[in-house]
Protein chains: 2
Amino acid sequence: MKLATTAKRALGEALGQAKQRSTRQREHVFAVLLDKRDHPTADEVYARARTTMPTISLATVYNCLETLVSCGLVRQVNIEREPSRYCPNLREHAHFHDLRSGRVLDIDVPTDLITGLKRLLPAGYEAEHIELSFRGKAPTSKA
Amino acid sequence: MKLATTAKRALGEALGQAKQRSTRQREHVFAVLLDKRDHPTADEVYARARTTMPTISLATVYNCLETLVSCGLVRQVNIEREPSRYCPNLREHAHFHDLRSGRVLDIDVPTDLITGLKRLLPAGYEAEHIELSFRGKAPTSKA
DNA sequence: AACTTAATTGGAATGATTCCAAAAATCAAT
DNA sequence: ATTGATTTTTGGAATCATTCCAATTAAGTT
Ligand SMILES: [Mn+2]
Ligand SMILES: [Mn+2]
Ligand SMILES: [Zn+2]
Ligand SMILES: [Zn+2]
(Lines give C-alpha, C1' and ligand atoms only; values in the text may rest on other atoms or scores of the structure.)
(Ligands and ions follow the chains in the order given, each with its own letter.)
Protein backbone atom coordinates (compact mmCIF):
# COMPACT_ATOMS: atom_id res chain seq x y z
CA MET A 1 0.00 0.00 0.00
CA LYS A 2 1.56 3.18 -1.26
CA LEU A 3 0.53 6.80 -1.58
CA ALA A 4 -0.25 7.78 -5.20
CA THR A 5 1.80 10.63 -6.60
CA THR A 6 -1.16 12.98 -6.87
CA ALA A 7 -2.26 12.22 -3.32
CA LYS A 8 1.29 12.75 -2.13
CA ARG A 9 1.37 16.15 -3.80
CA ALA A 10 -1.99 17.11 -2.29
CA LEU A 11 -0.70 16.12 1.13
CA GLY A 12 2.57 18.06 0.82
CA GLU A 13 0.63 21.05 -0.46
CA ALA A 14 -1.92 21.00 2.36
CA LEU A 15 0.66 20.41 5.08
CA GLY A 16 2.88 23.19 3.78
CA GLN A 17 -0.02 25.62 3.71
CA ALA A 18 -0.78 24.79 7.34
CA LYS A 19 2.91 25.08 8.21
CA GLN A 20 3.03 21.45 9.22
CA ARG A 21 5.85 19.08 8.41
CA SER A 22 5.56 16.12 6.13
CA THR A 23 6.34 12.96 8.06
CA ARG A 24 6.44 9.26 7.38
CA GLN A 25 3.57 8.71 9.79
CA ARG A 26 1.31 11.35 8.28
CA GLU A 27 1.87 9.97 4.79
CA HIS A 28 1.21 6.46 5.98
CA VAL A 29 -2.01 7.29 7.82
CA PHE A 30 -3.25 9.19 4.78
CA ALA A 31 -2.36 6.22 2.56
CA VAL A 32 -4.24 3.87 4.90
CA LEU A 33 -7.36 6.03 4.60
CA LEU A 34 -7.16 6.22 0.82
CA ASP A 35 -6.50 2.50 0.45
CA LYS A 36 -9.81 1.27 1.83
CA ARG A 37 -12.38 4.00 1.95
CA ASP A 38 -14.76 2.50 4.43
CA HIS A 39 -14.82 5.09 7.23
CA PRO A 40 -12.55 3.37 9.74
CA THR A 41 -12.30 4.44 13.37
CA ALA A 42 -8.98 5.57 14.84
CA ASP A 43 -8.49 2.09 16.25
CA GLU A 44 -9.06 0.54 12.84
CA VAL A 45 -6.68 2.98 11.23
CA TYR A 46 -4.15 2.07 13.93
CA ALA A 47 -4.56 -1.65 13.24
CA ARG A 48 -4.16 -1.15 9.49
CA ALA A 49 -1.26 1.24 9.83
CA ARG A 50 0.62 -1.19 12.03
CA THR A 51 0.60 -3.97 9.46
CA THR A 52 3.20 -2.07 7.44
CA MET A 53 4.52 0.33 10.10
CA PRO A 54 4.57 -1.75 13.28
CA THR A 55 6.16 0.96 15.40
CA ILE A 56 3.54 3.68 14.91
CA SER A 57 1.69 4.52 18.11
CA LEU A 58 -2.00 5.05 18.70
CA ALA A 59 -1.30 8.57 19.94
CA THR A 60 0.40 9.30 16.64
CA VAL A 61 -2.53 7.93 14.69
CA TYR A 62 -4.79 10.31 16.59
CA ASN A 63 -2.34 13.15 15.98
CA CYS A 64 -2.08 12.43 12.27
CA LEU A 65 -5.83 12.13 11.84
CA GLU A 66 -6.29 15.44 13.62
CA THR A 67 -3.69 17.03 11.37
CA LEU A 68 -5.28 15.64 8.20
CA VAL A 69 -8.69 16.84 9.32
CA SER A 70 -7.43 20.33 10.15
CA CYS A 71 -5.70 20.48 6.76
CA GLY A 72 -9.00 19.67 5.08
CA LEU A 73 -7.80 16.42 3.51
CA VAL A 74 -9.98 14.18 5.64
CA ARG A 75 -13.42 14.50 7.18
CA GLN A 76 -14.15 13.41 10.71
CA VAL A 77 -17.50 11.63 10.75
CA ASN A 78 -19.42 11.39 14.00
CA ILE A 79 -22.31 9.00 14.23
CA GLU A 80 -24.40 9.04 17.35
CA ARG A 81 -22.13 8.37 20.32
CA GLU A 82 -19.85 5.97 18.50
CA PRO A 83 -16.12 6.45 18.06
CA SER A 84 -15.26 8.95 15.32
CA ARG A 85 -14.69 7.67 11.83
CA TYR A 86 -12.51 9.18 9.14
CA CYS A 87 -13.34 9.77 5.50
CA PRO A 88 -11.04 11.02 2.72
CA ASN A 89 -13.95 11.73 0.33
CA LEU A 90 -13.84 15.48 -0.21
CA ARG A 91 -16.99 15.79 -2.29
CA GLU A 92 -20.07 17.16 -0.53
CA HIS A 93 -21.71 14.03 0.75
CA ALA A 94 -23.94 12.59 3.44
CA HIS A 95 -23.58 9.30 5.29
CA PHE A 96 -25.81 6.29 5.58
CA HIS A 97 -25.21 4.18 8.67
CA ASP A 98 -26.38 0.62 8.15
CA LEU A 99 -27.73 -0.78 11.39
CA ARG A 100 -27.21 -4.38 10.35
CA SER A 101 -23.59 -4.30 9.21
CA GLY A 102 -22.47 -1.17 11.03
CA ARG A 103 -21.03 0.04 7.74
CA VAL A 104 -21.09 3.66 6.69
CA LEU A 105 -21.84 4.51 3.08
CA ASP A 106 -21.21 7.77 1.22
CA ILE A 107 -24.27 9.43 -0.29
CA ASP A 108 -23.66 12.18 -2.80
CA VAL A 109 -25.66 15.34 -2.28
CA PRO A 110 -26.30 17.67 -5.22
CA THR A 111 -25.40 21.31 -4.69
CA ASP A 112 -28.93 22.59 -5.24
CA LEU A 113 -30.18 20.42 -2.39
CA ILE A 114 -27.52 21.89 -0.11
CA THR A 115 -28.72 25.34 -1.16
CA GLY A 116 -32.27 24.33 -0.30
CA LEU A 117 -31.18 23.22 3.14
CA LYS A 118 -29.39 26.49 3.80
CA ARG A 119 -32.59 28.33 3.04
CA LEU A 120 -34.16 26.77 6.12
CA LEU A 121 -32.04 28.99 8.33
CA PRO A 122 -33.51 32.24 9.68
CA ALA A 123 -32.09 35.48 8.29
CA GLY A 124 -28.59 36.22 9.50
CA TYR A 125 -27.68 32.65 10.35
CA GLU A 126 -24.63 31.50 8.42
CA ALA A 127 -23.86 27.78 8.23
CA GLU A 128 -20.21 27.04 7.66
CA HIS A 129 -20.85 23.33 7.87
CA ILE A 130 -23.84 21.10 7.23
CA GLU A 131 -24.02 17.54 8.40
CA LEU A 132 -26.56 15.13 7.03
CA SER A 133 -26.78 11.50 8.02
CA PHE A 134 -29.18 8.65 7.58
CA ARG A 135 -29.59 5.65 9.82
CA GLY A 136 -31.38 2.55 8.65
CA LYS A 137 -31.16 -0.78 6.93
CA ALA A 138 -29.32 -1.38 3.70
CA PRO A 139 -30.67 -4.00 1.32
CA THR A 140 -29.41 -7.49 2.12
CA SER A 141 -26.36 -8.08 -0.03
CA LYS A 142 -26.97 -10.73 -2.69
CA ALA A 143 -23.67 -12.46 -1.97
CA MET B 1 -41.89 24.33 37.76
CA LYS B 2 -44.67 21.85 37.27
CA LEU B 3 -45.65 19.38 34.60
CA ALA B 4 -48.69 20.57 32.60
CA THR B 5 -51.68 18.25 32.63
CA THR B 6 -51.40 17.42 28.94
CA ALA B 7 -47.68 16.69 29.23
CA LYS B 8 -48.37 14.55 32.26
CA ARG B 9 -50.92 12.56 30.32
CA ALA B 10 -48.54 12.13 27.38
CA LEU B 11 -45.88 10.87 29.78
CA GLY B 12 -48.17 8.39 31.53
CA GLU B 13 -49.40 7.21 28.17
CA ALA B 14 -45.92 6.70 26.72
CA LEU B 15 -44.55 5.04 29.85
CA GLY B 16 -47.50 2.69 30.09
CA GLN B 17 -47.13 1.67 26.47
CA ALA B 18 -43.47 0.84 27.12
CA LYS B 19 -44.39 -1.00 30.32
CA GLN B 20 -42.41 1.45 32.37
CA ARG B 21 -43.53 2.86 35.69
CA SER B 22 -44.37 6.47 36.29
CA THR B 23 -42.04 7.86 38.93
CA ARG B 24 -41.45 11.18 40.62
CA GLN B 25 -38.00 11.41 39.05
CA ARG B 26 -39.17 10.71 35.50
CA GLU B 27 -41.90 13.32 35.78
CA HIS B 28 -39.46 15.81 37.18
CA VAL B 29 -36.79 15.29 34.51
CA PHE B 30 -39.46 15.60 31.82
CA ALA B 31 -40.73 18.80 33.44
CA VAL B 32 -37.19 20.21 33.55
CA LEU B 33 -36.80 19.60 29.82
CA LEU B 34 -40.14 21.18 28.97
CA ASP B 35 -39.53 24.17 31.22
CA LYS B 36 -36.55 25.58 29.34
CA ARG B 37 -36.24 24.14 25.88
CA ASP B 38 -32.63 24.94 25.22
CA HIS B 39 -31.11 21.49 24.61
CA PRO B 40 -29.39 20.96 27.95
CA THR B 41 -26.79 18.27 28.54
CA ALA B 42 -27.35 15.56 31.15
CA ASP B 43 -25.21 17.56 33.59
CA GLU B 44 -27.33 20.63 33.02
CA VAL B 45 -30.52 18.66 33.48
CA TYR B 46 -29.03 17.29 36.69
CA ALA B 47 -28.22 20.78 37.96
CA ARG B 48 -31.71 22.05 37.15
CA ALA B 49 -33.45 19.00 38.53
CA ARG B 50 -31.61 19.32 41.83
CA THR B 51 -32.85 22.80 42.52
CA THR B 52 -36.28 21.39 43.31
CA MET B 53 -35.40 17.73 43.92
CA PRO B 54 -32.06 17.87 45.73
CA THR B 55 -31.86 14.13 46.28
CA ILE B 56 -32.03 13.01 42.65
CA SER B 57 -28.83 11.38 41.46
CA LEU B 58 -26.91 11.88 38.24
CA ALA B 59 -27.32 8.17 37.45
CA THR B 60 -31.07 8.62 37.73
CA VAL B 61 -31.00 11.62 35.44
CA TYR B 62 -29.20 9.49 32.86
CA ASN B 63 -31.71 6.69 33.42
CA CYS B 64 -34.71 8.98 33.09
CA LEU B 65 -33.36 10.64 29.96
CA GLU B 66 -32.75 7.23 28.41
CA THR B 67 -36.28 6.19 29.30
CA LEU B 68 -37.80 9.35 27.86
CA VAL B 69 -35.79 8.93 24.67
CA SER B 70 -36.77 5.29 24.27
CA CYS B 71 -40.43 6.23 24.84
CA GLY B 72 -40.16 8.76 22.03
CA LEU B 73 -40.92 11.78 24.21
CA VAL B 74 -37.47 13.28 23.96
CA ARG B 75 -34.81 13.39 21.27
CA GLN B 76 -31.16 12.83 22.04
CA VAL B 77 -29.11 15.34 20.08
CA ASN B 78 -25.47 14.61 19.36
CA ILE B 79 -23.25 17.38 18.13
CA GLU B 80 -19.74 16.54 17.12
CA ARG B 81 -18.01 14.90 20.07
CA GLU B 82 -19.73 17.01 22.70
CA PRO B 83 -21.86 15.60 25.51
CA SER B 84 -25.34 14.60 24.36
CA ARG B 85 -28.12 17.14 24.61
CA TYR B 86 -31.82 16.50 25.07
CA CYS B 87 -34.72 18.03 23.19
CA PRO B 88 -38.45 17.60 23.86
CA ASN B 89 -39.45 19.09 20.48
CA LEU B 90 -41.20 16.27 18.66
CA ARG B 91 -41.71 18.03 15.35
CA GLU B 92 -39.35 17.05 12.52
CA HIS B 93 -36.55 19.51 12.94
CA ALA B 94 -32.86 20.14 12.41
CA HIS B 95 -30.38 21.82 14.73
CA PHE B 96 -28.21 24.86 14.36
CA HIS B 97 -25.17 24.90 16.62
CA ASP B 98 -23.95 28.44 17.22
CA LEU B 99 -20.19 28.49 17.53
CA ARG B 100 -20.12 31.74 19.47
CA SER B 101 -22.66 31.04 22.20
CA GLY B 102 -22.60 27.25 22.07
CA ARG B 103 -26.39 27.37 21.92
CA VAL B 104 -28.44 24.94 19.87
CA LEU B 105 -31.44 26.22 17.95
CA ASP B 106 -34.33 24.25 16.48
CA ILE B 107 -34.83 24.60 12.72
CA ASP B 108 -38.11 23.36 11.33
CA VAL B 109 -37.84 21.18 8.24
CA PRO B 110 -40.82 20.90 5.88
CA THR B 111 -41.95 17.38 5.02
CA ASP B 112 -41.30 17.75 1.29
CA LEU B 113 -37.66 18.55 1.97
CA ILE B 114 -37.36 15.40 4.06
CA THR B 115 -38.85 13.49 1.15
CA GLY B 116 -36.26 15.05 -1.16
CA LEU B 117 -33.48 13.95 1.14
CA LYS B 118 -34.75 10.39 1.24
CA ARG B 119 -34.62 10.29 -2.54
CA LEU B 120 -30.84 10.60 -2.34
CA LEU B 121 -30.61 7.04 -1.09
CA PRO B 122 -29.90 4.23 -3.55
CA ALA B 123 -32.73 1.79 -4.23
CA GLY B 124 -33.44 -0.53 -1.34
CA TYR B 125 -31.95 1.68 1.34
CA GLU B 126 -34.51 2.54 3.99
CA ALA B 127 -33.78 5.43 6.37
CA GLU B 128 -35.57 5.13 9.66
CA HIS B 129 -33.93 8.25 10.95
CA ILE B 130 -32.46 11.36 9.32
CA GLU B 131 -30.24 13.76 11.17
CA LEU B 132 -29.53 17.22 9.85
CA SER B 133 -27.44 19.77 11.64
CA PHE B 134 -25.84 23.08 10.88
CA ARG B 135 -22.81 24.59 12.52
CA GLY B 136 -22.03 28.27 12.19
CA LYS B 137 -22.49 31.72 13.57
CA ALA B 138 -25.81 33.15 14.63
CA PRO B 139 -26.39 36.88 14.18
CA THR B 140 -25.14 38.91 17.11
CA SER B 141 -28.07 39.39 19.44
CA LYS B 142 -29.27 43.00 19.59
CA ALA B 143 -29.46 42.98 23.38
C1' DA C 1 -50.19 -5.46 54.68
C1' DA C 2 -47.32 -8.67 52.03
C1' DC C 3 -45.23 -9.69 47.89
C1' DT C 4 -43.12 -9.07 43.38
C1' DT C 5 -40.88 -6.40 40.28
C1' DA C 6 -38.79 -2.17 38.69
C1' DA C 7 -36.41 2.14 39.70
C1' DT C 8 -33.13 4.86 42.26
C1' DT C 9 -28.77 5.59 44.28
C1' DG C 10 -23.58 6.30 45.19
C1' DG C 11 -19.74 4.72 43.76
C1' DA C 12 -16.77 1.98 40.77
C1' DA C 13 -15.67 0.82 36.03
C1' DT C 14 -15.32 1.81 31.10
C1' DG C 15 -13.41 3.48 26.96
C1' DA C 16 -12.50 6.91 23.46
C1' DT C 17 -9.77 10.62 23.45
C1' DT C 18 -6.44 13.98 25.20
C1' DC C 19 -2.51 15.27 27.75
C1' DC C 20 2.32 14.95 29.11
C1' DA C 21 7.28 15.01 29.14
C1' DA C 22 11.10 12.57 27.12
C1' DA C 23 13.20 10.89 22.79
C1' DA C 24 13.46 11.21 17.88
C1' DA C 25 12.88 13.43 13.55
C1' DT C 26 12.58 17.45 10.51
C1' DC C 27 14.14 21.70 8.70
C1' DA C 28 17.17 25.80 8.28
C1' DA C 29 21.42 27.83 8.80
C1' DT C 30 26.00 27.31 8.90
C1' DA D 1 27.53 17.23 6.70
C1' DT D 2 27.03 19.38 11.68
C1' DT D 3 24.69 22.20 14.65
C1' DG D 4 20.78 24.14 16.57
C1' DA D 5 15.83 25.34 16.81
C1' DT D 6 11.37 23.58 16.40
C1' DT D 7 8.04 19.81 15.58
C1' DT D 8 6.62 15.40 15.89
C1' DT D 9 6.37 10.97 17.83
C1' DT D 10 5.82 7.97 21.61
C1' DG D 11 4.21 5.24 25.85
C1' DG D 12 1.84 5.96 29.50
C1' DA D 13 -1.05 8.63 32.57
C1' DA D 14 -5.12 11.52 32.93
C1' DT D 15 -9.76 12.97 31.54
C1' DC D 16 -14.55 12.75 31.51
C1' DA D 17 -19.06 11.50 29.66
C1' DT D 18 -21.41 7.59 30.20
C1' DT D 19 -22.45 2.90 31.83
C1' DC D 20 -22.41 -0.62 35.18
C1' DC D 21 -23.17 -2.63 39.75
C1' DA D 22 -25.21 -4.25 43.96
C1' DA D 23 -27.85 -2.49 47.71
C1' DT D 24 -31.87 0.17 49.01
C1' DT D 25 -36.19 2.09 48.03
C1' DA D 26 -40.45 2.69 45.59
C1' DA D 27 -44.40 1.04 42.58
C1' DG D 28 -47.88 -1.76 41.51
C1' DT D 29 -50.64 -6.12 42.66
C1' DT D 30 -53.16 -9.47 45.38
MN1 LIG E 1 -22.52 1.23 14.26
MN1 LIG F 1 -20.64 23.78 21.63
ZN1 LIG G 1 -17.77 9.72 3.78
ZN1 LIG H 1 -34.26 20.32 19.07
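Within every chain, numbering begins at 1; the chains are lettered A, B, ... in the order of the sequence lines, protein sequences first and strands thereafter.
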Pull out every protein N or O sitting under 3.5 Å from an N or O of nucleotides 28-30 of chain D, one pair per line with the distance.
none

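- In this structure, NE2 in His97(A) is found 9.5 Å from OG in Ser133(A), a value given to the nearest 0.5 Å.
- Atom NE2 of His93(B) is separated from atom NE2 of His95(B) by 3.0 Å, given to the nearest 0.5 angstrom.
- Where Leu58(B) and Gln25(B) meet DNA chain D, the nucleotide closest to each residue was compared, and Leu58(B) sits on the side nearer the 5' end.
- Within the structure, every side-chain polar atom (N or O) of Thr23(B) is placed at least 4.0 Å from both OP1 and OP2 of dA27(D).
- Going from atom CG of Asp43(B) over to atom C1' of dA17(D) covers 8 Å, rounded to whole Å.
- No engagement by Arg24(B) is indicated, since no non-hydrogen atom pair under 4.0 Å with the nucleic acid exists.
- Counting 5' to 3', DNA chain C first comes under 4.0 angstrom of a heavy atom of chain A and last does so at the ends given by dA16(C) to dC27(C).
- In this structure, Arg26(A) fails the cation-pi test against Phe30(A), since its NZ or CZ atom is not both closer than 6.0 Å to the six-membered ring centre and inside 45 degrees of the ring normal.
- Atom pair Tyr46(B):OH and dT18(D):P shows a separation of 15 Å (rounding to whole Å applied).
- Counting non-hydrogen atoms under 4.0 angstrom, Thr41(A) reaches nothing in the nucleic acid.
- No path of Ile, Leu, Val, Met, Phe, Trp and Tyr side chains, each step under 4.5 Å between heavy atoms, connects Val77(A) with Leu121(B), placing them in separate hydrophobic clusters.
- Rounding to whole angstrom units, CZ of residue Arg81(A) and C1' of dC16(D) are separated by 12 Å.
- Listed by residue number, Tyr62(A) are the residues of residues 60-74 of chain A with a heavy-atom contact under 4.0 Å to DNA chain C.
- Proximity of residues 27-34 of chain B to DNA chain C (heavy atom under 4.0 angstrom from any strand atom) is not detected for any residue.
- Looking at heavy atoms from C-beta onward, His39(B) lies out of side-chain contact with Arg103(B) at the 4.5 angstrom threshold.
- The CD atom of Glu27(B) lies 10.5 Å from the SG atom of Cys64(B); values are rounded to the nearest 0.5 Å.
- For the pair Asn63(A)/Gln25(A), no side-chain contact is recorded, criterion being any heavy-atom separation below 4.5 Å from C-beta on.
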With salt bridge (charged side-chain N to carboxylate O under 4.0 Å, His left out) as the test, would you mind laying out the steps for Asp108(B) and Arg91(B) before giving the verdict? CA-CA 8 Å; Asp108(B) 276 297; Arg91(B) 297 193 310 277; 3.0 Å; yes

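- Thr60(B) and Ser57(B) share a side-chain donor-acceptor pair at under 3.5 Å.
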Show the numbers, then the answer: is there a side chain to side chain donor-acceptor pair (under 3.5 Å) between Thr115(A) and Asp112(A)? CA-CA 5 Å; Thr115(A) 315; Asp112(A) 61 306; over 6 Å; no

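- The minimum heavy-atom distance between Arg37(B) and Pro88(B), with the atom names listed, is NH2-O, 3.4 Å.
- For the atom pair Arg75(B) CZ and Leu33(B) CG, the distance stands at 13.5 Å (nearest 0.5 Å).
- Residues Ile56(B) and Met53(B) form a side-chain contact, since some pair of their non-hydrogen atoms from C-beta on lies under 4.5 Å apart.
- For the helix from dA1(C)-dT30(D) to dT30(C)-dA1(D), the axis fitted to the five pairs at one end and the axis fitted to the five pairs at the other end meet at an angle of 30° (nearest 10 degrees).
- Sequence order on DNA chain D of the closest nucleotides to Ala42(B) and Arg26(A) puts Arg26(A) first from the 5' end.
- For the pair Arg50(A) and Tyr46(A), the cation-pi test (distance below 6.0 Å, angle within 45°) is passed.
- Residues near Leu90(B) contribute nothing to a hydrophobic cluster around it, because no ILVMFWY side-chain heavy atom sits closer than 4.5 Å to its side chain.
- Leu120(B) is listed as a side-chain neighbour of Pro110(A), based on a closest heavy-atom distance under 4.5 Å.
- The residue among Lys19(B) and Ser57(B) whose nearest nucleotide of DNA chain C is located toward the 5' end is Lys19(B).
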